[in-house]
Amino acid sequence: MNPRSEHRPMPRPCTLVYLVMLLLTLLTWLIGKTGITGLPVALGVLLLALLKGQLVGDWFMGLRGVRGLWRWAVILWLAIPGALISVAFYLSSGA
Amino acid sequence: MNSRQPDRRYPPGDLAIWIFILAELSVFAIFFAAYAFTRMNNVELFNEFQQSLDPTSAMLNTIALITSSYFVVRALAAIREDNREGCESWLWAACAMGGVFLAIKSAEYAHHFGMGINLSTNTFYMFYISLTFFHFMHVILGMVILAAVAVKTRQGAYSADEHTGVETGGSYWHMVDLVWLILFPLVYVMR
C-alpha cells in the first residue's frame, strides 16, 4: 500500500460506481429471467444499459473531466444507437 | 478515473487510441441498429430463438467485464500514486476477468455449435454469432494490450508522472466493456 493512499476515504467513488453497475446488471438479468416482455420493459432495460454506459464513460474512461467535443464521444455513441434501437422496437411493437 | 483531475481538453491516453475507439464504436453501433431493424420484420423468430440463449451466462459475463474495467481503474489510480506493483497486480487481475469472460462465452459457443447451430441456421443466430464473436475477438485483443501494459509496468516504464500507456490500454479495455453493456440486453433480454 502506498503511504499516500492510506488515509483515503473509503469507499472510493469508482467503487460506488462499480457497485451501482453490478446492481443494474442484476436487475437486467432478473427482468430477463422472469420473461417479462413488452415495449415498456424492453425500453426500460435499454435505459438501464445506457445508464451503465454513461457511468463507464464518465467514471471509468475519465470523460467526466474532459471538456469540449471529446466529452460528447460516449454520450453520442449511447444516444444515437439507443434512439435507433428504441425506434425499431417501437415500430415492431405495433404501438 | 479522473474525478480529481482538472478539466482537460483531450481524453486520457494517446489520442490515436481514441480515434480507433470511435471507429470501433461506430462499427458496433451499425451492428446494433442492423440487429434492431432486421428484428422488425422477424419479431417472432427473434423472440423465439432469443429464449434459447442463457441470460445467466450473459449476466456473469457482464459482471466479469465490469469487474475487469473496475480493476483497470484501480490500476490507473495505483500508478498515479507511483505504486507500480499495485498497478501491475490490478492489470493482471483485469486480464484474469477477461479470461473468465472468454471461458464462459466459449462454453456458450460449444453448447450452440454442439447443437448444430451456425451462421446460416437463421437470421437471429447469424446476428448472435456475428455480434458476439466480433466482440469476443476484441476481448482477446484487449487482454493482449492489458498484458503488454502490465509487463511494461513491471519493467518500470510507467510512473506517477508518465503513465500514458496505462491510460491508453485502459481506455481500449473500457470500450470493450462499453460495447458489451449494450450487447447484453439487446441480444439476450429485450423482446
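Residue numbers start from 1 in every chain, and the chains themselves are labelled A, B, ... in the order their sequence lines are given, proteins ahead of strands. Values in this document were obtained by computation on a predicted structure and should not be read as measured data.
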Would you say [X] and [Y] are hydrophobically clustered, going by side-chain heavy atoms of ILVMFWY under 4.5 Å?
{"X": "A:Leu16", "Y": "B:Trp90", "result": "no"}
{"X": "A:Leu84", "Y": "A:Val87", "result": "yes"}
{"X": "A:Val20", "Y": "A:Val17", "result": "yes"}
{"X": "A:Leu47", "Y": "B:Ile182", "result": "no"}
{"X": "B:Ile30", "Y": "A:Leu76", "result": "no"}

Best-contacting candidate, [options], against chain B by heavy atom pairs under 4.5 angstrom:
{"options": "A:Leu48, A:Thr28, A:Leu69", "answer": "A:Thr28"}
{"options": "A:Pro81, A:Ala42, A:Ala73", "answer": "A:Ala42"}
{"options": "A:Leu50, A:Leu46, A:Ile31", "answer": "A:Leu46"}

Quick check on the structure: residues of [range] within a heavy-atom distance below 4.5 Å of chain A, by number.
{"range": "residues 33-42 of chain B", "value": "B:Ala33, B:Ala36, B:Phe37, B:Arg39, B:Met40"}
{"range": "residues 113-133 of chain B", "value": "none"}
{"range": "residues 97-112 of chain B", "value": "none"}
{"range": "residues 144-153 of chain B", "value": "none"}

Check: Between A:Phe89 and B:Leu186, what is the shortest heavy-atom contact and its length?
Finding: CE1-CD1, 4.0 Å
Nearest 0.5 Å, please: how far is [atom2] in [Y] from [atom1] in [X]?
{"X": "B:Ile21", "Y": "A:Met61", "atom1": "CD1", "atom2": "CE", "result": "4.5 Å"}
{"X": "A:Thr37", "Y": "B:Gln50", "atom1": "OG1", "atom2": "CD", "result": "10.5 Å"}
{"X": "B:Ser69", "Y": "A:Met21", "atom1": "OG", "atom2": "CE", "result": "7.0 Å"}
{"X": "A:Trp70", "Y": "B:Arg9", "atom1": "CH2", "atom2": "CZ", "result": "11.5 Å"}
{"X": "A:Ile80", "Y": "B:Leu25", "atom1": "CD1", "atom2": "CG", "result": "11.5 Å"}
{"X": "B:Phe32", "Y": "A:Ile85", "atom1": "CZ", "atom2": "CD1", "result": "7.0 Å"}

Check: Using a distance-only test with no angle check, is there a side-chain donor-acceptor pair under 3.5 angstrom linking A:Tyr18 and B:Thr67?
Finding: yes
Given a strict heavy-atom distance threshold of 4.5 Å, which part of [X] is in contact with chain A: side chain, backbone, both, or neither?
{"X": "B:Tyr70", "result": "both"}
{"X": "B:Tyr10", "result": "both"}
{"X": "B:Leu181", "result": "both"}
{"X": "B:Trp173", "result": "neither"}

Next item on the list: Could you walk me through whether B:Met59 and A:Lys33 pass the side-chain contact (heavy atoms from CB on, under 4.5 Å) test, one step at a time?
Entry: CA-CA 10 Å; B:Met59 178 270 288; A:Lys33 284 296 279 185; over 6 Å; no
Note to self: Can you tell me if A:Arg71 has over 12 outside heavy atoms packed within less than 6.0 Å of its CZ?
What the structure shows: yes
Check: Got a sec: does the CD of B:Glu44 have more than 12 other heavy atoms crowding it under 6.0 Å?
Finding: no
Next item on the list: Mind running side-chain contact (heavy atoms from CB on, under 4.5 Å) on A:Thr25 and B:Phe184 for me, showing each step along the way?
Entry: CA-CA 9 Å; A:Thr25 300; B:Phe184 162 47; 4.3 Å; yes
Next item on the list: Compare all side-chain heavy atoms of A:Val41 with those of B:Met190 and state whether any distance is below 4.5 angstrom.
Entry: no
Check: Would you say A:Trp29 and B:Thr56 make side-chain contact, with heavy atoms under 4.5 Å?
Finding: yes
Check: In terms of heavy-atom proximity below 4.5 Å to chain B, should A:Leu78 be classed as side chain, backbone, both, or neither?
Finding: side chain
Note to self: Using side-chain contact (heavy atoms from CB on, under 4.5 Å), reason through A:Lys52 and B:Thr62 one step at a time and then give a plain yes or no.
What the structure shows: CA-CA 11 Å; A:Lys52 282 194 288 181; B:Thr62 308; 4.0 Å; yes
Margin query: Check whether A:Trp77 reaches the backbone of B:Leu22 with its side chain - one donor and one acceptor, N or O, closer than 3.5 Å.
Written below: no
Checklist line | B:Arg74 and A:Thr15: CA distance, side-chain angles, deciding distance, side-chain contact (heavy atoms from CB on, under 4.5 Å) verdict | finding: CA-CA 9 Å; B:Arg74 296 301 301 267; A:Thr15 304; 4.2 Å; yes
